[in-house]
Amino acid sequence: MSTLGGIILLIGRIFFVALFLSAARGHIKNHPRYVEGSGKKLPFPILAGWPAGVFLLIAALSIVAGIWADIGSLMIAAFLIPAAVLFHPFWSQTDPAARRTHEASFYRDVSLLGAALALFALFAATGHVPFAVTGPAFNLR
């Protein structure tokens, strides 16, 4: 990959994790709210608070710093699957406004899941992450 391509990828990595850094802050700062809100949706609601925030923080920093960025991408993907299915089930909403809100959030999570998986494949298939501390942990070559 050229230097310009590496710079563009670094900028993309930074922009990609911005949402997750913000979410990490929210999960850590508002721990009780997240725990209470996930009471019936998760078997262990306490995980929705600061543990989820720390998980997202580690994943985001992994991607930006390039410390096994492929694993960081998989961590983001692992977070997004239950977030989409458990917290944004638009198909079960009867109120039209709530349905639209949950549907938009569901498809946002699905789109971000696709981006996380694409980043994982890029890092693992090329075996190189430009401007990174380490290379990828996985090898898909």
Ignoring hydrogens and geometry, is there a side-chain-to-backbone donor-acceptor pair from T134 to W68 under 3.5 Å?
yes
Tell me which one of L21, L19, I76 satisfies side-chain contact (heavy atoms from CB on, under 4.5 Å) with L56.
I76
Check the hydrophobic clustering (I, L, V, M, F, W, Y; side-chain heavy atoms under 4.5 Å; chains of links allowed) and say if V85 and F79 are grouped together.
no
With the 4.5 Å side-chain cut-off for hydrophobic clustering, are I14 and F131 part of the same group?
yes
Side-chain touch F106/T101, heavy atoms, less than 4.5 angstrom
no
Looking at N30 and R33, would you say the former's side chain and the latter's main chain have a donor-acceptor pair under 3.5 Å?
no
Decide whether F16 and V110 are clustered together by the hydrophobic rule: side chain heavy atoms of Ile, Leu, Val, Met, Phe, Trp, Tyr closer than 4.5 Å, transitively.
no
Ring centres of F123 and F138 under 6.0 Å apart?
no
Residue pair T126, L122: steps toward the side chain to side chain contact (heavy atoms under 4.5 Å, CB included) verdict:
CA-CA 6 Å; T126 63; L122 173 69; 4.0 Å; yes
Would you name the heavy atoms of I58 and M75 that are closest together and state the gap between them?
CG2-CE, 3.9 Å
Do the side chain of S2 and the main chain of G5 share a donor and acceptor less than 3.5 angstrom apart?
yes
Compare every heavy atom of G72 with every heavy atom of A59, then report the nearest pair and how far apart it is.
CB-O, 3.7 Å
Would you check if the distance from the ring center of W50 to the ring center of Y34 is below 6.0 Å?
no
Where V64 and R13 come nearest, the two heavy atoms and their spacing
O-NH2, 2.8 Å
Checking side chain to side chain contact (heavy atoms under 4.5 Å, CB included) for the pair I46/H31: CA distance, chi angles, key distance, verdict?
CA-CA 8 Å; I46 195 152; H31 174 78; 3.9 Å; yes
Compare all side-chain heavy atoms of L117 with those of L113 and state whether any distance is below 4.5 angstrom.
yes
Contact check, side chains of F55 and L47, non-hydrogen atoms, under 4.5 Å
no
Validation row, ring centre Y107 to ring centre F90 under 6.0 Å:
yes
Minimum-distance pair of heavy atoms, taken over all atoms of P130 and G6
CB-CA, 3.6 Å
Strictly distance-based, threshold 3.5 Å: is any side-chain N or O of S73 a donor or acceptor partner for the main-chain N or O of L119?
no
Could you go step by step and tell me if H88 and R108 meet the side chain to side chain contact (heavy atoms under 4.5 Å, CB included) rule?
CA-CA 10 Å; H88 304 297; R108 178 204 60 214; 3.9 Å; yes
Could you give me the CA-CA distance, side-chain angles and deciding distance for L9 and M1, then say whether side chain to side chain contact (heavy atoms under 4.5 Å, CB included) is met?
CA-CA 10 Å; L9 181 59; M1 181 178 298; 4.1 Å; yes
With rounding to the nearest 0.5 angstrom, report the CG to CD1 distance, D109 to I81.
10.5 Å
Heavy-atom pair of closest approach, residues P136 and V129
CD-CG2, 4.2 Å
For residues A121 and L140, report the shortest heavy-atom separation together with the two atoms involved.
CA-CD1, 4.4 Å
Neighbour count >12 (heavy atoms, 6.0 Å) for atom NZ, K41:
yes
